[in-house]
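Quick caveat, the model's predicted, so the values are computed rather than measured.
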Amino acid sequence: MNSDVEIAGDPLALAHRLPPVSAHPSTVAGFAGLAHALAADRASWAPLVRYDATTRWYHRLRTGPGYEVWLLSWVPGQGSGLHDHGPSSGVLTVLDGELTEHAGPVTRTLGTGAQRVFAPGYVHEVVNDALEPAVSLHVYFPGLTQMPMHAPQCTPLARDAARHAERETGPHAGQAHTVG
């Protein structure tokens with residue numbers, strides 16, 4: 001019948017009723033709240049953003065006990081490559097523009113305000129497939145010490161593409177064939 005949200009209203013829409021964001025969170029919800037609060041404070045991050053056509057630009061925005069916050073910019077076509085974050089969990093929040101996340105067989109389009117939370121070992125690739133630059137905020141807890149890259153051929157999408165190419169060209173494409 002009626003959901004709790006229909007009865008009580010959306011608690012996230014009632015910012016004045018939410019507890020204040022802790023200066024140094026210690027839970028996943030606290031880190032997501034920190035990312036949301038920083039995203040809302042455009043004046044604190046927008047003047048810092050730079051765009052670099054040759055590589056993704058990044059800037060450490062904040063550190064605290066056991067965590068760090070990074071600001072990244074992405075021009076069209078830039079991507080992270082397939083990676084995980086070692087022992088760190090994280091919160092990814094899109095501040096401006098649109099990013100695409102590829103995680104195994106799942107692809108998600110993340111628009112401004114979208115937020116993703118991930119655990120240690122989560123493998124994904126983030127790409128700006130849009131025609132406009134994008135800006136994102138990343139909170140890592142504990143702070144990011146590793147970002148192991150994964151071979152693209154390990155993904156189901158890349159394996160399927162390789163199989164399709166082999167069917168089209170054969171395993172010995174480009175070699176001379178004799179008919180006897």
Side-chain angles (χ1 to χ4, degrees), residues 25 28 31-42 44-64 66-169 173:
V28 172
F31 288 113
L34 172 64
H36 183 72
L38 290 170
D41 186 10
R42 188 176 185 88
S44 72
W45 59 264
L48 303 172
V49 175
R50 303 289 178 264
Y51 297 98
D52 186 331
T54 59
T55 185
R56 285 180 300 137
W57 172 89
Y58 51 92
H59 171 76
R60 188 173 13 211
L61 190 61
R62 178 185 289 189
T63 61
Y67 72 92
E68 58 187 6
V69 180
W70 290 87
L71 186 63
L72 280 76
S73 72
W74 315 68
V75 299
Q78 287 180 338
S80 65
L82 193 62
H83 68 281
D84 68 60
H85 302 93
S88 299
S89 295
V91 178
L92 159 67
T93 305
V94 179
L95 302 178
D96 263 338
E98 183 178 284
L99 294 171
T100 303
E101 179 191 37
H102 304 282
V106 178
T107 296
R108 295 176 185 87
T109 300
L110 307 172
T112 300
Q115 194 169 67
R116 296 280 301 134
V117 175
F118 50 88
Y122 179 71
V123 178
H124 69 158
E125 178 178 25
V126 179
V127 181
N128 181 353
D129 285 332
L131 297 176
E132 299 294 325
V135 179
S136 58
L137 182 84
H138 304 247
V139 180
Y140 298 108
F141 47 99
L144 193 61
T145 58
Q146 299 176 26
M147 193 170 138
M149 300 305 291
H150 295 256
Q153 60 268 30
C154 293
T155 67
L157 185 62
R159 275 195 306 271
D160 290 347
R163 285 187 198 123
H164 176 72
E166 187 172 304
R167 278 194 306 270
E168 294 295 316
T169 59

Shortest non-hydrogen separation from [X] to [Y] and the atoms involved:
X	Y	answer
H85	F118	ND1-CE1, 3.1 Å
G86	P148	N-CD, 3.8 Å
L61	W45	CD2-CB, 4.4 Å
A53	V75	CA-CG2, 4.2 Å
F31	P25	CZ-O, 3.3 Å
W57	L71	CZ3-O, 3.7 Å

Let me confirm one number: the NE2-CG distance from H102 to L82, rounded to the nearest 0.5 Å. 10.0 Å
Quick one: does [X]'s side chain get under 4.5 Å of [Y]'s, heavy atoms only?
X	Y	answer
D52	Y58	no
L144	H138	no
S73	R50	no

With a 6.0 Å cut-off on ring centres, are H124 and H83 close enough? yes
Residues passing the side chain to side chain donor-acceptor pair (under 3.5 Å) test with T145, sequence neighbours excluded, are none
Would you list the atom pairs, donor with acceptor, under 3.5 Å between side chains in residues 92-100 and any protein atom, with sequence neighbours excluded?
unit_1 : atom_1 : unit_2 : atom_2 : d
T93    : OG1    : Q115   : NE2    : 2.9
D96    : OD1    : R42    : NH1    : 3.4
D96    : OD2    : R42    : NH1    : 3.3
D96    : OD2    : R42    : NH2    : 2.7
T100   : OG1    : D129   : OD2    : 3.2

Take atom OH of Y122 as the centre, draw a 6.0 Å sphere, and report whether it contains more than 12 heavy atoms from other residues, nucleotides or ligands. yes
